[in-house]
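For reference, the structure is listed below as structure tokens.
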There are 2 protein chains.
Amino acid sequence: MTSNTPARPPGRPRTGVNAVVFAATLSTVHELGYARATVERIAAAAGVAKSTVYRRWPSKGALIVDCLLDAFGPAPLEGTSRAELMSSTIRWIAAKIAEPGVGDAFAGVFSDAVSDPALREILSTRLQDPYRLALQDALGEPENRVLFFIDVVVGVLLHRMGMTGGPMVDADVTALVEMVLAHFADGPGQA
Amino acid sequence: MTSNTPARPPGRPRTGVNAVVFAATLSTVHELGYARATVERIAAAAGVAKSTVYRRWPSKGALIVDCLLDAFGPAPLEGTSRAELMSSTIRWIAAKIAEPGVGDAFAGVFSDAVSDPALREILSTRLQDPYRLALQDALGEPENRVLFFIDVVVGVLLHRMGMTGGPMVDADVTALVEMVLAHFADGPGQA
DNA sequence: GAGTATCGATACCTGAAGTCGCGAAACTCT
DNA sequence: AGAGTTTCGCGACTTCAGGTATCGATACTC
């Protein structure tokens, strides 16, 4: 244990502007949409130089993913029964995606990932995997079933967002909950 | 009925290269991905000038939408029972999206539409509405239920495509069919 | 033959992602 | 105190893609 206390590396420390940049990202995406929310505009909204943003995130997509991670936070995973747990998780995701800027940012980075394998890797590893593992643990379901669950919930919400420009209304979220609950009611085991 | 036979408008008629451009679009998108499939490259692959493409389609998104319309064609709507009809429709969409280039193009134009209201209008009106109306008629379901059906099927398939880079495996398509069928089994009427 | 709309080719404009280099500031270590 | 290191803001720069405009040539209709 010779170097167990890195204390602080030499050089000027980074200013604590990550939270400000995340807030500026969401508000800029919310106002202008994903494509017009350029890194330059986001940086200006945060009161920060563009080079500062690129010093911390390698690409616009990586910035968005980190911003989404910050916006979502850890999954609540509340509920005593499997049904309650799934229901609350779905409603939690729906509510988060409905927050101003979050859905637009999510759909935007998602579509960028289609033709960008590096970004797809970031999206899958940094954003999807933590929630996937937490759900596997909480639900006791195998990986492929949880991935299917995520595909259904997030896919439906993003498709509605992309087609209409707005979040899904509550009645349809309820229908989504009922449909998913019925499919997963029989517990782990089937394909 | 004075001008009931427009016959052919004056000027040089357009050459019949639409089909060639569509094929070039899909193959280019398949090879390079949506973002790198520039209009210039697509035109070159079709043996056509870029200006010719822009003379026929106002934007890249409109070209992609027309290309998808051509690739999908009319919905089969086969099956005697409601369950068979839904099942065959879902498998038909899944198979189409799995065709080389189609899924990438779909996901790409979809994500572009998120921050482009004009493109969203084109996507919704030209691509979604025809199939929505046909499904409303064939299933006897109200608009909001059919929209939910489309959200589920297309949303799930595109989310899988965007996250993994490849189409959904057959076992998961089967799970999707079962889940949707169970939800819509009770027929029209509930929310 | 006059008029019109297409064709290919090419040059151009705009905007956005990402890079680079600069001098200044804020730290740590000696 | 001073050397070394890293960040900061600022701005110029490169690259690339969507889209526009202009050109002479071509293929039609009237």
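All heavy atoms count here, side chains included; hydrogens, waters and symmetry mates do not. Below, read A as the first sequence line, B as the second, and so on, with proteins coming before strands; counting in each chain starts at 1.
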Hits for salt bridge (charged side-chain N to carboxylate O under 4.0 Å, His left out) against B:Arg36, two or more places apart or cross-chain, chain-then-number order -> none

By side-chain hydrogen bond (donor to acceptor under 3.5 Å, both in side chains), B:Asp112 pairs with (sequence neighbours left out) B:Tyr34

Contacts satisfying salt bridge (charged side-chain N to carboxylate O under 4.0 Å, His left out) that involve residues 57-68 of chain B (not counting sequence neighbours) are B:Asp66-B:Arg126

Residues of residues 34-47 of chain B with a heavy atom under 4.0 Å from any atom of DNA chain C, listed by number, are B:Gly47

So, with a heavy-atom separation below 4.0 Å from DNA chain C, the residues of residues 24-31 of chain B are none

Q) Donor-acceptor pair under 3.5 Å: do we get one between A:Lys50's side chain and the base of D:dG9? A) no

Donor-acceptor contact present, side-chain [X] to main-chain [Y], <3.5 Å:
{"X": "B:Thr164", "Y": "B:Gly166", "value": "yes"}
{"X": "A:Ser88", "Y": "A:Glu78", "value": "yes"}
{"X": "B:Ser124", "Y": "B:Glu121", "value": "no"}
{"X": "A:Thr125", "Y": "A:Ile122", "value": "no"}

Angle class for the B:Phe106/B:Phe72 ring planes (parallel below 30°, perpendicular above 60°, tilted otherwise)?
perpendicular

Once base and sugar-phosphate atoms are separated, protein heavy atoms under 4.0 Å mark nucleotides 22-28 of chain D, 5' to 3', with B, S and - as ----BBB

Note to self: So A:Arg132 and A:Gln136, do their side chains get closer than 4.5 Å, heavy atoms only?
What the structure shows: yes

TODO: Taking the side chain as every heavy atom from C-beta outward, state whether A:Phe184 and A:Met86 have any pair of such atoms under 4.5 Å apart.
DONE: yes

Taking [atom1] from [X] and [atom2] from [N], how many angstroms apart are they, rounded to a whole number?
{"X": "A:Ile64", "N": "C:dG18", "atom1": "CD1", "atom2": "P", "answer": "11 Å"}
{"X": "B:Asp112", "N": "D:dG18", "atom1": "CG", "atom2": "C1'", "answer": "11 Å"}
{"X": "B:Tyr54", "N": "C:dA11", "atom1": "OH", "atom2": "P", "answer": "18 Å"}

With the side chain defined as heavy atoms from C-beta on, A:Ser59 is closest, among D:dG19, D:dT7, C:dG18, to C:dG18

